[in-house]
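What follows is a single structure, written as structure tokens, with notes after it.
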Amino acid sequence: MDLTWNEFERTDIRVGTIIDINDFPEARKPAYQLTIDFGSEIGVRKSSAQITKRYQKQDLLNRQIVAVVNFPKKQIGKFMSECLVLGAVGEEGDVILLAPDFKIENGLRIG
């Protein structure tokens, strides 16, 4: 089913920088708990991301990513996910994060 242009425009996709990473042993599938800075307009949000197959925690700190920031919050165990980190999903479920090619301002909108 095709989306209308107006439906797409309602999706708020922004650039943010990962400022903290924690293991998430309670998750059903291996995941990290990420804290992401989206700049002064959006602020800091948390997300659970199943990206452990390709990424080590030390590789993620201060890395810019792309995420949807206007989905409803989602309770995952005892953790509240506040945004959806975007990535390309490989055939074996490994996720490759979407990110800008250059360091840019946190909070810039993807369009």
Side-chain angles (χ1 to χ4, degrees):
M1 177 186 232
D2 293 337
L3 292 175
T4 67
W5 185 254
N6 287 340
E7 289 172 321
F8 172 73
E9 283 184 323
R10 289 183 48 224
T11 307
D12 194 358
I13 306 171
R14 304 285 181 130
V15 173
T17 299
I18 299 170
I19 58 173
D20 193 29
I21 308 107
N22 292 295
D23 292 322
F24 193 5
E26 300 86 10
R28 282 185 281 157
K29 294 182 181 178
Y32 293 129
Q33 294 175 346
L34 306 177
T35 304
I36 306 162
D37 180 1
F38 290 100
S40 60
E41 181 183 345
I42 304 294
V44 173
R45 301 270 177 99
K46 294 185 178 195
S47 184
S48 171
Q50 297 173 0
I51 56 175
T52 59
K53 285 186 180 181
R54 289 206 178 242
Y55 300 96
Q56 300 296 313
K57 289 190 295 187
Q58 64 269 20
D59 301 326
L60 294 168
L61 191 61
N62 298 317
R63 180 186 180 107
Q64 286 194 304
I65 53 85
V66 174
V68 177
V69 297
N70 67 333
F71 280 148
K73 295 177 183 178
K74 183 176 181 180
Q75 188 78 42
I76 303 171
K78 295 180 181 180
F79 183 78
M80 183 64 73
S81 189
E82 302 169 318
C83 63
L84 176 66
V85 174
L86 298 178
V89 182
E91 289 183 20
E92 296 185 22
D94 56 324
V95 177
I96 298 90
L97 292 170
L98 299 184
D101 286 339
F102 304 99
K103 180 94 170 144
I104 58 176
E105 181 182 338
N106 286 335
L108 288 181
R109 188 174 178 138
I110 303 298

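Quantities reported herein were computed from a predicted structural model and do not represent experimental measurements. Residue numbers run from 1 in the order of the sequence given.
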- Message: Check this for me: E105, atom CD, are more than 12 non-hydrogen atoms of other residues, nucleotides or ligands nearer than 6.0 Å?
- Response: no
To the nearest 0.5 Å, tell me how far [X] [atom1] sits from [Y] [atom2].
| X | Y | atom1 | atom2 | result |
| --- | --- | --- | --- | --- |
| I110 | I13 | CD1 | CD1 | 7.0 Å |
| L108 | F38 | CG | CZ | 12.0 Å |
| M80 | Q75 | CE | CD | 4.0 Å |
| K78 | Q33 | NZ | CD | 11.5 Å |
| E26 | S48 | CD | OG | 10.0 Å |

Does the side chain of [X] reach to within under 4.5 Å of the side chain of [Y], using non-hydrogen atoms?
| X | Y | result |
| --- | --- | --- |
| L34 | I51 | yes |
| F24 | P30 | no |
| D12 | V68 | no |
| T35 | V44 | yes |
| Y32 | N22 | no |
| K46 | F79 | yes |
| R14 | V66 | no |
| I19 | I36 | no |

- Regarding T17 and N106, is there a side-chain donor-to-acceptor distance under 3.5 Å anywhere?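 On atom types as modelled, these side chains qualify, holding a pair under 3.5 Å.
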- Task: Output yes when E82 and K74 qualify as a salt bridge under the 4.0 Å nitrogen-oxygen rule, no when they do not.
- Result: no
- Query: Rest of the hydrophobic cluster containing W5 (Ile/Leu/Val/Met/Phe/Trp/Tyr, side-chain heavy atoms under 4.5 Å)?
  - Reply: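 Result for W5 is F8.
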- Task: Of all the heavy-atom pairs spanning C83 and S47, show the shortest one and how long it is.
- Result: O-OG, 2.9 Å
- What residues form a side chain to side chain donor-acceptor pair (under 3.5 Å) with T4, not counting sequence neighbours?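 Side chain to side chain donor-acceptor pair (under 3.5 Å) check on T4 returns E7.
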- Task: Just jot down the side chain to side chain donor-acceptor pair (under 3.5 Å) partners of K57, sequence neighbours excluded, or say none.
- Result: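 For K57 the side chain to side chain donor-acceptor pair (under 3.5 Å) partners, ignoring immediate neighbours, are D23.
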- Message: Is there a path of hydrophobic side-chain contacts, each under 4.5 Å between heavy atoms of I/L/V/M/F/W/Y residues, joining V69 to L97?
- Response: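 They do share one cluster, since a chain of ILVMFWY contacts under 4.5 Å joins L97 to V69.
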